[in-house]
Structure formats: C-alpha cells, structure tokens
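I'd like to ask some things about the structure below.
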Amino acid sequence: MPRGEIDEAWIEEAVRRYRRIESLQAEFDQAVTTVEVTVRSPDGLVEVVVTAAGQITDVRFLRTLQNRQPRDVAGSVRAAVAAAADAAQWAREKLHNETFTAYRPLTGA
C-alpha cells in the first residue's frame with residue numbers, strides 16, 4: 001500500500017477489536033465484584049470471605065473466643081485480613097488472565 005493511503009480493513013479490524021476489548025473489560029469488571037475467595041487465619045480461628053475486587057463480604061469466628069486474649073484474637077483477624085488481600089489479588093490476576101487470554105495485540109502488517 002502506498003504511503004499515506006488508509007487501510008480501511010485494518011481500521012475496521014482495529015475498531016472490532018477495540019469493541020471486543022471493551023466487552024471483555026465489562027465482563028472482567030463484573031466478575032471481580034462477584035467472584036469470592038475464602039481464607040483462614042493460620043491458627044484457624046478466623047475465616048474471611050473477600051471478592052476479587054478486595055471487598056470483605058464476611059468474617060467468621062470458627063472457634064470459641066472464650067479464654068482467648070484480645071491481642072491474640074486481633075492478631076488472628078489481622079492475619080486473615082492480610083491473607084484476604086493476597087487472595088483478592090490472586091483472584092483478580094486469575095480472572096484477568098482467563099478473561100483476556102485470547103486477546104492478541106493488533107499489529108500493522
């Protein structure tokens with residue numbers, strides 16, 4: 001193609017791919033708010049449910065809190081929340097890879 005001419009087929013493909021990426025991004029944005037991951041503190045006292053977006057949706061105490069020191073309970077909660085943050089990041093990355101796996105960059109041929 002001579003320099004300065006417009007490759008309409010390439011432009012049409014670019015527009016089609018852009019729309020597909022927008023659609024995939026919308027799917028991804030929805031998925032990160034609905035996919036949940038459950039983690040526990042290392043001592044098994046606290047369970048936290050978190051979305052891939054990082055929102056904690058539930059916190060459960062799996063054993064009795066009687067005879068436990070407040071600082072120990074607080075440490076279990078902190079550990080579970082830290083694990084939840086890591087799990088949310090992992091879930092986001094997994095969703096992103098699954099959502100955009102078929103996407104290939106458009107190259108000018």
When you group the ILVMFWY residues by side-chain heavy-atom contacts below 4.5 Å and let the links chain together, are I56 and L95 in the same group? no
A53: side chain to side chain contact (heavy atoms under 4.5 Å, CB included) partners, not counting sequence neighbours: V32, T51
Taking S41 for the side chain and V46 for the main chain, is one N or O donor matched with an acceptor at less than 3.5 Å? yes
Show me the donor-acceptor pairs within less than 3.5 Å that the side chains of residues 18-26 make with the rest of the protein, sequence neighbours left out.
from, atom 1, to, atom 2, distance (Å)
Y18, OH, E22, OE2, 3.2
Q25, NE2, D29, OD1, 2.8

Give the table of side-chain donor-acceptor pairs shorter than 3.5 Å for residues 78-91, with sequence neighbours excluded, one pair per line with atom names and distance.
from, atom 1, to, atom 2, distance (Å)
Q89, OE1, R92, NH2, 2.6
Q89, NE2, E93, OE2, 2.7

Using the salt bridge (charged side-chain N to carboxylate O under 4.0 Å, His left out) rule, collect all pairs that involve residues 50-59, keeping only residues at least two apart or in two chains. D58-R60
For T38, enumerate each residue passing the side chain to side chain contact (heavy atoms under 4.5 Å, CB included) test, keeping only those at least two apart in sequence or located in another chain. E47, V49
Using the ring pair (Phe, Tyr, Trp, His ring centres under 6.0 Å) rule, collect all pairs that involve residues 27-51, keeping only residues at least two apart or in two chains. F28-H96
Let me check something: any side-chain donor-acceptor pairs from residues 61-72 under 3.5 Å, sequence neighbours excluded? List them with distances.
from, atom 1, to, atom 2, distance (Å)
R63, NH2, D43, O, 2.0
T64, OG1, Q66, N, 3.2
R68, NE, T64, O, 3.0

Inspect the contact between R16 and E12 and indicate whether a charged nitrogen and a carboxylate oxygen are less than 4.0 angstrom apart. no
Output all residues satisfying side-chain hydrogen bond (donor to acceptor under 3.5 Å, both in side chains) with T33, sequence neighbours left out; order by chain, then residue number. none
So, T34 side chain and A31 main chain: donor-acceptor pair closer than 3.5 Å or not? yes
Find out if a path of hydrophobic residues (ILVMFWY) with successive side-chain heavy-atom gaps under 4.5 Å connects V35 to V39. no
